[in-house]
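Shown next, in structure tokens, is the structure this report addresses.
Each chain gets a letter, A, B and so on, in the order its sequence line appears, and its residues count up from 1. Just so it is clear, the structure is predicted and the values come from calculations on it, not from any experiment. The basis for the numbers below is simple: all heavy atoms, side chains too, and nothing from hydrogens, waters or symmetry mates.
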Amino acid sequence: MERPLTRNMRKGEAPLDFAGYLRAGGYAAVRDTLGRVAPADVARVVTESGLGGCGGGGFPTGRKWQAMPSRAARPGKRYFIVNADEMEPGTFKDRLLMEGDPHQLIEGVILSAYAIEADTAYIFVRGEYSAAINLLRKAVADAQAAGMLGENILGSGVDLSIHVHAGAGRYICGEETALLNSLEGRRAVPRAKPPLPMTSGLWGCPTIVNNVETVCNIPHIICHGAAWYRALGRDGEAGTKIFGVSGRVKRPGAFELPMGMPMRELIEEHAGGMKDGFLLRAALPGGASTGFVMEAHIDVKMSFPAMAAMGNRLGTGTAIVLDDQTCPIGFIANLQHFFAQESCGWCAPCRDGLPWVEQTLKAIEAGHGEPNDLDLLSEMTNNLAPGRTFCALAPGAMASLQTGLAFFRDEFERHIHSRRCSWQ
Amino acid sequence: MAVNIVVDGQVVPVQPDTNLLEALLTAGLDVPYFCWHKALGSVGACRQCAVKLYKGTEDNGHIVMACMTPVAAGIRVTIADGEAAAFREAVVEAVLTNHPHDCPVCEVGGECHLQDMTTLTGHTTRRDRFAKRTHLNQDLGPFIKHEMNRCIGCYRCVRFYRDYAGGHDFGTFGANRNVYFGRAENGALESEFAGNLVEVCPTGVFVDKPFSAVFRRKWDMRATPSICPHCAVGCNVTVQERGGKFRRVVNRYNETLNGYFLCDRGRFGMGFLESGQRLRTSRRGGRKNLTHGEVLDALAAVLRADGVIGIGSPRASMESNFVLRELVGAENFHAGLSDYEAAQLEAAIAVMKAVPLATVQDAQAADAIVLLGDDPLVVAPRLALALRQAAQRPPAALLAARGIPAWHDGAARNAATGQRIPVMIVSETPTWLDDVAAVVLREPPEELAVAVSACVAGAAHDGQAAAFARDLLSGERPVVVAGGGPALLFAAANIVLALRRKGVAARLVVLLPEANSVGLGMMDARRLPAMTDRPVVVLENDLSRRGIAFAPARMVVLDHIETPTTEAAELALAIGSFADCDGTFVNMEGRVQPFHKAIFGADDPPPSWMVLRDAGIAAGRVPAGIWATHAELLDAVGKAIPAFAKYTWPLTHGQAPTLPHRFSGRTAMDARFDVREPAPPVHAESPLGTTMEGWAAGEVAPLVWAPGWNSGQAINKLPRAPADVFLFETPLQDAPNFPIPLQPQPPRPAVLPEELSALSPAMIARRQI
Amino acid sequence: MLTAEEHGAIAALVSHYPTPRAACIDAMKYLQSRRRWMSDEILSELAVALGMSSAELDEVATFYNLIFRKPVGEKVILLCDSITCWMLGRDKLAAYIGQRLGIAAGETTKDEKFTLLPIVCLGACDHAPAMMIGDMFYGDVDEALLDEVLLVERV
């Protein structure tokens with residue numbers, strides 16, 4: 001099967017440099033598109049390909065681009081931003097892409113910025129990804145030196161400068177409007193939507209923010225077309241996806257596979273199944289802000305619609321496996337600790353509710369739970385539902401809690417009644 | 001024009017360009033909120049104002065934040081829905097998880113918005129058994145006390161201090177439940193508007209520190225509507241006392257003037273009432289503690305002489321200045337100002353009579369501003385704050401094009417990065433608004449001002465003047481602000497007149513220094529003579545601070561503070577300050593405003609005008625029975641100064657109570673001095689009653705309170721106050737330009753800190769830092 | 001006192017953005033790479049260089065995990081405490097580090113070589129437990145690797 005996103009990656013080898021990437025067919029799409037294909041047509045192809053946002057939302061990428069105001073309606077500066085702030089626990093796919101093939105991302109940025117007619121792009125990389133930051137900075141410099149960036153790229157009349165911005169460590173920067181505030185040198189507190197970034201984004205200018213993986217798909221879609229991309233998926237889904245598995249499996253890792261493949265195949269075939277002596281109890285399909293898929297249901301397809309149909313989310317598609325020797329309460333408590341700590345502190349239910357949730361879970365885990373705690377936790381899953389909080393951080397936190405309360409109810413009750421954790 | 005929406009099945013008319021929360025509150029409905037504030041706009045942070053919005057006729061509705069939801073004709077909402085109500089209670093529960101059980105010892109208890117919202121949502125029982133997060137407090141200076149554990153994270157403080165008031169030394173630190181609101185380090189808050197934190201904070205994180213030292217519960221204090229005496233803006237305030245002692249001042253909402261905010265000089269300057277510099281007893285020569293009878297005799301003796309000179313004051317009331325003038329005769333009544341101040345005031349009055357003036361609200365709504373001369377922050381702080389709002393407001397057309405309502409505060413600020421209304425400043429010294437101006441010129445403003453009015457009129461010109469003129473002409477509501485001598489004021493007036501002739505509705509602000517500068521200016525007072533050997537009666541004026549070298553041999557001074565002038569006087573008579581009696585000031589907008597007796601104590605110093613009247617009657621200068629009531633006195637003022645005739649002493653249907661209905665201890669308070677039940681003080685002519693009896697249905701509403709709304713937020717529930725009276729409402733049509741004087745201006749005396757507030761212990765402490 | 005070289009580097013960072021304050025995070029990380037942490041003094045100077053007040057800059061500095069407003073050692077050990085690393089035994093590793101270096105989370109060794117801090121998911125869950133020491137990433141951490149690494153990093 002075709003694996004466009006990882007085609008240049010070889011285990012144990014350094015990523016392709018500019019010359020190598022060029023030799024491998026890279027930047028051909030840039031050469032053939034800039035100044036030759038209308039930006040609106042580029043966007044149209046991306047829409048037709050069915051590519052969805054890979055940061056967890058799955059929103060059709062081309063449609064997002066096409067909703068940008070025209071240059072006539074909004075003359076002036078506009079920005080394209082890559083969200084490389086991968087910090088969702090359990091997620092490690094963007095690291096793979098940036099460390100494995102940095103020029104692929106650069107090429108994707110050039111084409112994306114062109115499609116939305118932006119002449120300035122920022123790649124916002126989480127600060128801890130020092131290797132990726134260095135590789136991307138070098139890639140930008142090399143591309144610039146070769147005339148692939150800067151003024152009048154390859155004589156097309158198109159300008160683009162890319163700046164690689166390193167973050168300073170906050171999960172909420174992965175929320176696109178918080179990312180904008182962080183880039184502006186502010187606290188990374190999200191902004192209210194509407195207005196959307198395409199209306200009032202970076203410094204008030206029209207802006208599009210896309211995930212790393214989303215952008216990496218663009219050169220391939222432009223090279224080979226929408227129909228080709230659609231055909232890569234399974235069961236009506238489009239394209240490939242970098243899926244992943246972590247936890248007590250034999251081969252944890254990231255795998256480029258067709259969108260829509262079953263979760264069981266991902267875990268048992270590609271990740272080699274559970275380590276000896278461990279059994280699969282459940283998995284979060286796409287990072288910490290997705291809900292439990294119990295073992296009985298892991299034939300579900302890894303696609304946005306299939307996950308939504310079971311009341312869950314595909315998220316980033318990097319699965320976290322819960323084995324039978326890990327306390328589910330402790331598992332959920334660890335997740336809530338993450339979310340409580342990473343709350344930006346802007347809105348009351350998240351800022352003050354998540355620590356209460358964490359403290360309650362830790363108490364239950366330690367054998368100090370009380371019977372009313374479960375009602376309280378259940379209320380919290382309502383209080384922190386989408387729309388009740390200012391952004392999606394807290395609703396994401398509630399995914400594991402809500403499904404956990406449903407599927408592990410007797411574990412919770414046992415902890416409370418026996419006043420101890422049977423896993424310790 | 002109102003539109004109809006449906007709330008819990010009832011049709012409710014609301015204003016269209018507003019958000020749902022504001023609309024519901026204005027309609028008198030109770031929806032809890034924390035982070036929304038009328039002046040600060042909506043940000044949607046606290047999630048407290050959740051209601052349900054229906055899409056179709058069949059759906060169950062979804063929860064929205066009312067403050068972030070635009071009003072549209074026909075929308076259907078429910079406040080009462082069980083899910084929304086449960087969520088609102090959950091939000092209160094969440095913010096209370098870290099809140100200390102401070103109510104009994106917290107200064108804000110009993111007037112706390114958090115208490116009110118907790119009750120409103122029905123939350124009663126704490127379920128959180130875990131440890132609260134705690135903070136260390138900062139020393140924020142002599143004005144504000146800091147108690148961070150009480151914080152509920154509504155972010156109003158930082159939004160006011162930084163976004164609204166432009167302060168730089170206050171912010172939000174940390175993240176998640178540890179967010180902290182304070183300074184980078186201990187130290188006095190630098191903003192001149194920091195005191196508003198006390199009223200902006202819905203709980204007790206920021207507390208009025210001088211008040212804390214003389215603290216009483218809101219329900220245990222008298223509340224009297226009054227006017228701040230510390231500058232010519234005349235912000236509306238409420239003065240609170242108990243036991244004859246001044247306690248504190250809080251903002252009194254006036255939509256077209258100070259709105260929700262005061263400056264620190266107003267809020268903390270009134271401590272002068274309790275300063276050791278108060279003149280509380282009268283003296284003659286070495287004899288102290290004159291009785292009232294002795295005072296009248298001594299003053300009458302002086303008034304019997306011929307040609308007594310009367311020196312009025314821009315900080316004394318209309319009534320007092322008028323009576324003095326009547327007693328000594330217009331030809332002997334002098335303004336008590338330096339030459340510079342006198343020339344400025346004369347020019348100001350001439351201009352105000354001819355040119356449309358801006359209110360503070362007009363200044364805030366301006367779409368182009370020219371600021372000439374004096375720094376408004378020093379002369380008229382509250383006006384400066386209004387100008388800052390205008391200067392940093394994104395242009396309305398830009399917001400409209402992006403579909404961003406003006407009340408959507410975060411979006412409005414982000415949308416307009418770098419795009420502002422034109423603000424042009426010409427002054428020799430830095431101003432507080434320099435950082436929000438497009439153009440700042442550091443030069444004497446007169447010449448440029450003249451050039452601008454010529455350019456507006458059509459003269460060809462290069463450079464700055466032409467650019468300024470273009471910006472002013474492209475606005476719909478430009479405001480010209482001028483503070484300086486006659487040449488500048490006339491030039492500024494000419495700019496406004498030129499704009500008006502071009503069909504642009506421009507307005508003028510004239511910066512004047514004192515609470516009743518305009519009132520005095522209407523009295524055709526003469527300038528001071530160089531010297532005299534005639535007896536002089538000085539009304540509430542310290543001549544020494546005006547650089548006036550005028551040392552009469554026989555001087556009588558009426559004042560409520562000790563000054564070098566009272567010390568040099570042969571006869572120093574203690575009279576009431578603005579808080580001890582009733583009177584009227586005219587502010588720099590020409591707005592006529594009454595102040596009312598607020599302190600009812602053992603001292604009961606009479607107003608100057610009453611002492612002067614009685615002594616004048618005794619001296620045979622005026623007939624007995626003249627100006628027998630305050631209302632009659634104002635009639636007389638109106639006859640002498642026709643512009644005043646439309647102003648009458650405020651009326652109510654009976655007296656409005658100044659004591660809350662829960663006021664306690666009235667009869668026990670002074671039992672240690674006299675066990676007999678004291679009769680309530682009598683203040684017959686006032687629209688305000690001195691007890692808790694009465695009816696607040698007239699023009700004056702002393703108490704900001706409504707059932708369930710014990711804090712200052714009760715203002716949402718009160719009816720609108722009637723419009724104020726303005727002296728200068730009908731400027732001359734087709735007024736000609738003012739000729740610009742060519743001769744050199746009188747030298748300007750050094751600008752000293754405002755006289756009364758400088759005596760406040762809190763202000764003295766602040767300046768020492 | 002900021003050196004001339006530091007001022008130059010800050011100016012270069014500022015050139016990537018339309019407003020100086022947008023470079024504040026870049027600038028703080030740069031200064032930290034040279035001075036380990038952001039002291040009050042350096043923070044004030046940087047604020048002036050960027051046209052911000054100290055409060056405005058400190059608002060940003062105290063928001064982010066990787067900006068240190070208290071002294072840290074030469075090498076900061078960031079030990080991931082998120083879900084997969086937790087499942088695969090990071091707490092034991094923290095205890096082991098504590099034993100070897102004599103510090104608990106949040107503390108610095110007496111010789112100021114190492115500070116131990118928790119960090120949220122490092123994005124290397126397939127190599128859990130994961131940690132960073134300074135800019136160096138280490139995956140599949142166990143006691144043996146710790147022994148080796150702490151020795152190497154100590155030099």
Side-chain angles (χ1 to χ4, degrees), chain A residues 77 86-96 120 122 126-131 134 161 163 165-171 173 182-189 203 244-249 251-254 271 284 287-288 318 320-323 326 330-331 334-335 337-338 341-342 344-345, chain C residues 13-30 32-33 50-52 56-68 78 80-91 117-128 130-132 134-137 139-140:
Chain A
K77 198 81 184 162
E86 178 172 71
M87 271 173 86
E88 174 101 353
T91 308
F92 47 97
K93 62 180 181 71
D94 295 338
R95 177 199 277 272
L96 172 82
T120 304
Y122 291 95
R126 66 175 292 188
E128 298 88 337
Y129 278 8
S130 39
N134 291 333
S161 67
H163 177 67
H165 172 94
R170 264 295 170 205
Y171 167 68
C173 292
S182 192
L183 255 186
E184 290 186 11
R186 302 180 186 287
R187 295 163 60 86
V189 173
W203 294 297
V245 186
S246 72
R248 288 201 172 93
V249 290
R251 291 190 297 274
L284 305 181
T318 35
I320 306 168
V321 164
L322 171 69
D323 59 75
T326 298
F331 185 100
N334 179 282
L335 293 176
H337 168 75
F338 167 80
Q341 180 189 292
E342 290 302 307
C344 72
Chain C
L13 292 168
V14 167
S15 70
H16 292 298
Y17 306 94
T19 70
R21 84 167 284 165
C24 69
I25 290 172
D26 289 348
M28 285 194 281
K29 292 178 67 194
Y30 162 75
Q32 267 190 187
S33 71
L50 297 175
M52 297 165 79
E56 285 166 349
L57 184 56
D58 211 10
E59 279 195 311
V60 177
T62 56
F63 184 82
Y64 292 96
N65 291 331
L66 299 180
I67 308 288
F68 306 122
L78 297 170
C80 173
D81 71 349
S82 290
I83 189 68
T84 306
C85 293
W86 169 79
M87 273 198 289
L88 299 189
R90 69 83 67 190
D91 286 345
L117 291 174
I119 188 72
V120 298
C121 181
L122 285 173
C125 318
D126 52 345
H127 295 287
M131 78 177 177
M132 295 187 69
D135 271 348
M136 285 293 299
F137 169 77
D140 302 303

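Contacts between C:M87 and chain A at a heavy-atom distance below 4.5 Å involve backbone atoms as well as side-chain atoms. Residue contact with chain C, scored on non-hydrogen atoms closer than 4.5 Å, involves the backbone and the side chain of A:E128 alike. Of the atoms belonging to C:A124, heavy atoms from both backbone and side chain fall under 4.5 Å from chain A. The part of A:T91 that comes within reach of chain C is its backbone (N, CA, C, O), which places non-hydrogen atoms under 4.5 angstrom from that chain. With a 4.5 angstrom heavy-atom cutoff, C:I119 touches chain A only via side-chain atoms. Only the backbone of A:V321 comes within less than 4.5 Å of a heavy atom in chain C; its side chain stays farther off. Both the backbone and the side chain of C:I83 come within contact range of chain A, each with at least one heavy atom under 4.5 Å from a heavy atom of that chain.
With contacts defined as side-chain heavy-atom distances shorter than 4.5 Å, the pair C:L122/A:R126 qualifies. Taking 4.5 Å as the limit, some side-chain heavy atom of A:R95 sits within range of a side-chain heavy atom of C:F137. You'll find the side chain of A:E342 reaches within 4.5 Å of the side chain of C:N65, heavy atoms only.
The CZ atom of C:F63 lies 8.0 Å from the OG atom of A:S182; values are rounded to the nearest 0.5 Å. Taken from OG1 in A:T120 to NE2 in C:H16, the straight-line distance is 12.5 Å, to the nearest 0.5 Å. Here the CG-CG distance, from A:N134 to C:D135, works out to 7.5 Å after rounding to the nearest 0.5 Å. One finds the CZ atom of A:R187 at 5.5 Å from the OG1 atom of C:T62 (value rounded to the nearest 0.5 Å). Atoms CD1 and CG, from C:I25 and A:L183 in turn, are 8.0 Å apart once rounded to the nearest 0.5 Å.
Each of A:G244, A:C344, A:G345 has some count of heavy-atom pairs under 4.5 Å with chain C, and the biggest count is that of A:C344. Per-residue heavy-atom pair counts under 4.5 Å with chain C were compared for A:H165, A:E86, A:Q341, and the maximum is reached by A:H165. Contacts with chain C were tallied for A:M87, A:R251, A:R248; A:R248 has the most, counting heavy-atom pairs under 4.5 Å. Counting heavy-atom pairs under 4.5 Å between each of A:G253, A:A188, A:G167, A:A271 and chain C puts A:A188 at the top. Put simply, of A:A288, A:G330, A:G247, A:G169, the one with the most heavy-atom pairs under 4.5 Å next to chain C is A:G169.
Considering only residues two or more places apart in sequence or on other chains, C:R21 meets the side-chain contact (heavy atoms from CB on, under 4.5 Å) condition with A:R186, C:T19, C:M52, C:V60. With sequence neighbours left out, C:C125 forms a side-chain contact (heavy atoms from CB on, under 4.5 Å) with A:F92, A:S246, C:T84, C:C121.
For C:Y17 and A:H163, the gap between ring centers is short of 6.0 Å.
The backbone N or O of A:N334 sits nowhere less than 3.5 Å from a side-chain atom of C:D81 that would complete a donor-acceptor pair.
Of all heavy-atom pairs spanning A:F338 and C:S82, the tightest one is CD1-OG, 3.9 Å. For the pair C:G123 and A:Y129, the tightest heavy-atom approach, listed with the atom from each and the gap, is CA-OH, 3.3 Å. Between C:C24 and A:G185 the shortest heavy-atom distance is SG-O, 3.5 Å.
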